[in-house]
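Let me begin by presenting the structure, written as structure tokens, before commenting on it.
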Amino acid sequence: MNIVFQVIIFSLVATSVYALVAAGLTLTFGTLEFINFAHGDMAMTGAFLFFALYSGLHWPLFLSFALTLFGITFLGIFIEKTTFRPVRDKQEFIPLILSIGVSIILVSTVTMIFGGGSQTYIEAAPTIFHLMQDSVITLPQVLIIITSCIVIAGLFLFLRMTKIGKAIRAVSDNKMVASILGIDVNKTIMMTFALASFLAALGGILVAFDQNLSPRMGLALSIKVFAAITLGGVGNLFGAVIGAFIIGFTENFLIAYTSVPGSFKEAFVFMILIFVLLFRPYGLFGGKKEEMESR
């Protein structure tokens with residue numbers, strides 16, 4: 001019981017990051033119906049861009065933050081228009097393979113510029129708050145949790161209450177019907193990629209405030225996020241958030257209360273995923289078989 005509150009804090013931090021990145025990946029799947037393997041590496045690229053501006057060039061925090069979000073959002077738009085849009089109507093495996101290629105390019109570029117070693121934003125010990133049962137939480141961890149909650153809540157409201165959000169939902173449901181109703185499908189998909197890239201960049205920046213940066217961090221993040229959206233139900237935003245919650249808490253409690261080493265936590269996460277999918281093939285909040293197969 002002495003460490004349960006500390007484990008909960010670690011779990012909330014992990015869940016916050018996974019939820020941000022998973023939300024973006026879910027949006028792109030909803031509009032294009034393929035898993036973008038480069039999504040985790042977009043987060044990694046955002047983390048390193050912020051590192052270059054903030055720690056390398058010593059630009060102000062908020063300016064570095066804003067320029068990073070803008071830069072990765074623009075990168076997402078560029079990739080969508082030049083890479084995925086031309087093959088949108090091709091066989092499904094083509095954009096999938098292209099996304100792997102984009103992922104490799106991003107990792108190789110970051111490695112070439114920054115090297116393959118670890119980097120860190122933090123130059124001094126972060127502010128620490130002491131909570132109940134001798135548990136502690138750092139200021140970056142507080143900001144990660146609060147920011148994620150605000151952004152995820154804002155995303156739900158954005159999709160439900162704004163014209164662009166309703167267009168994204170319409171295109172996700174049926175592109176042909178959305179086009180007949182006067183919705184610009186190309187523009188809507190571009191906006192979806194921009195929003196997903198924004199969320200990925202934000203998740204990458206936040207996770208690197210709590211951990212070291214590495215060019216391979218995108219792969220590790222992608223594994224958790226893929227598991228989260230599959231567990232919750234692919235294409236379901238609420239399910240992606242719940243899946244992130246399950247993954248974040250499962251991996252941290254496994255490490256804390258079992259003898260499982262940290263390097264094996266991904267394996268146990270996928271064991272849980274396989275177990276759930278045996279009984280819920282489309283995830284906890286996925287649609288019925290007829291609905292999913294008609295997409």
Side-chain angles (χ1 to χ4, degrees), residues 7-31 35-44 46-47 50 65 68-69 72-73 76 137-138 140-160 165 168-169 172 192-211 217-254 265-266 269-270 272-273 276 283-286:
V7 178
I8 290 174
I9 291 171
F10 292 153
S11 301
L12 288 174
V13 172
T15 296
S16 298
V17 174
Y18 298 161
L20 282 174
V21 182
L25 187 59
T26 298
L27 289 176
T28 56
F29 177 85
T31 55
I35 294 295
N36 180 11
F37 274 90
H39 192 69
D41 289 305
M42 292 288 285
M44 178 274 297
F50 181 82
F65 198 83
T68 298
L69 294 178
I72 299 302
T73 300
I137 186 171
T138 65
Q141 290 173 336
V142 173
L143 294 177
I144 289 171
I145 295 172
I146 293 176
T147 301
S148 179
C149 290
I150 293 174
V151 171
I152 292 297
L155 180 61
F156 276 103
L157 292 176
F158 173 81
L159 293 175
R160 298 237 172 228
I168 290 175
R169 291 167 55 201
S172 178
T192 304
F193 257 82
L195 181 57
S197 300
F198 175 91
L199 293 171
L202 181 59
I205 294 171
L206 292 178
V207 73
F209 264 111
D210 190 51
Q211 303 175 13
M217 64 182 282
L219 176 60
L221 187 57
S222 293
I223 291 174
K224 309 290 181 58
V225 169
F226 292 154
I229 65 172
T230 305
L231 185 61
V234 178
N236 187 304
L237 182 58
F238 176 76
V241 175
I242 297 301
F245 186 90
I246 295 173
I247 297 298
F249 273 76
T250 298
E251 64 178 9
N252 281 283
F253 272 88
L254 273 173
K265 61 183 179 182
E266 285 86 1
V269 166
F270 275 91
I272 294 174
L273 175 63
V276 171
L284 296 174
F285 298 94

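Starting from 1, each residue takes its place in the sequence as its number. Because the structure is predicted, anything quoted here is derived from the model rather than measured.
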Subject >> Results of ring pair (Phe, Tyr, Trp, His ring centres under 6.0 Å) for Phe50 - residues two or more places apart only >> reply: Tyr54, Tyr121, Phe209
Original post:
For the atom pair CG (Leu206) and CG (Leu143), what is the distance rounded to the nearest 0.5 Å?
Top reply: 8.5 Å
Subject >> Test applied, side-chain contact (heavy atoms from CB on, under 4.5 Å); reference residue, Val142; option that passes from Ile146, Ile144, Thr138, Ile145 >> reply: Ile146
**OP:** For the residue pair Ile152 and Leu20, establish whether any side-chain heavy-atom pair is separated by less than 4.5 Å.
**Re:** yes
Subject >> Validation row: Leu159, Leu27 side chains within 4.5 angstrom (heavy atoms) >> reply: yes
**OP:** State, with a plain yes or no, whether a side-chain heavy atom of Glu251 is found less than 4.5 Å away from one of Lys224.
**Re:** yes
**OP:** Begin from the C-alpha positions of Asn252 and Val13 and carry the test side chain to side chain contact (heavy atoms under 4.5 Å, CB included) through to its verdict.
**Re:** CA-CA 10 Å; Asn252 281 283; Val13 172; over 6 Å; no
Original post:
Looking at Ala240 and Ala228, what are the two nearest heavy atoms and their distance?
Top reply: O-CB, 4.2 Å
Original post:
Any side-chain heavy-atom pair from Leu69 and Ile205 closer than 4.5 angstrom?
Top reply: yes
Original post:
Got Leu221 and Tyr18 here, is their nearest side-chain heavy-atom distance under 4.5 Å?
Top reply: yes
**OP:** Determine whether Val207 and Val21 make a side-chain contact, defined as any pair of heavy atoms from C-beta on separated by less than 4.5 Å.
**Re:** no
**OP:** Working to the nearest 0.5 Å, report the span between CZ of Phe198 and CE of Met42.
**Re:** 12.5 Å
Original post:
If only atom types and distance count, is the side chain of Thr28 paired as donor or acceptor with the main-chain N or O of Leu25 below 3.5 Å?
Top reply: yes
**OP:** Can you measure from CG (Leu12) to CZ (Phe245) and round to the nearest 0.5 angstrom?
**Re:** 7.0 Å
Subject >> Audit row: Thr26, Val241, side chain to side chain contact (heavy atoms under 4.5 Å, CB included) steps and yes/no >> reply: CA-CA 10 Å; Thr26 298; Val241 175; over 6 Å; no
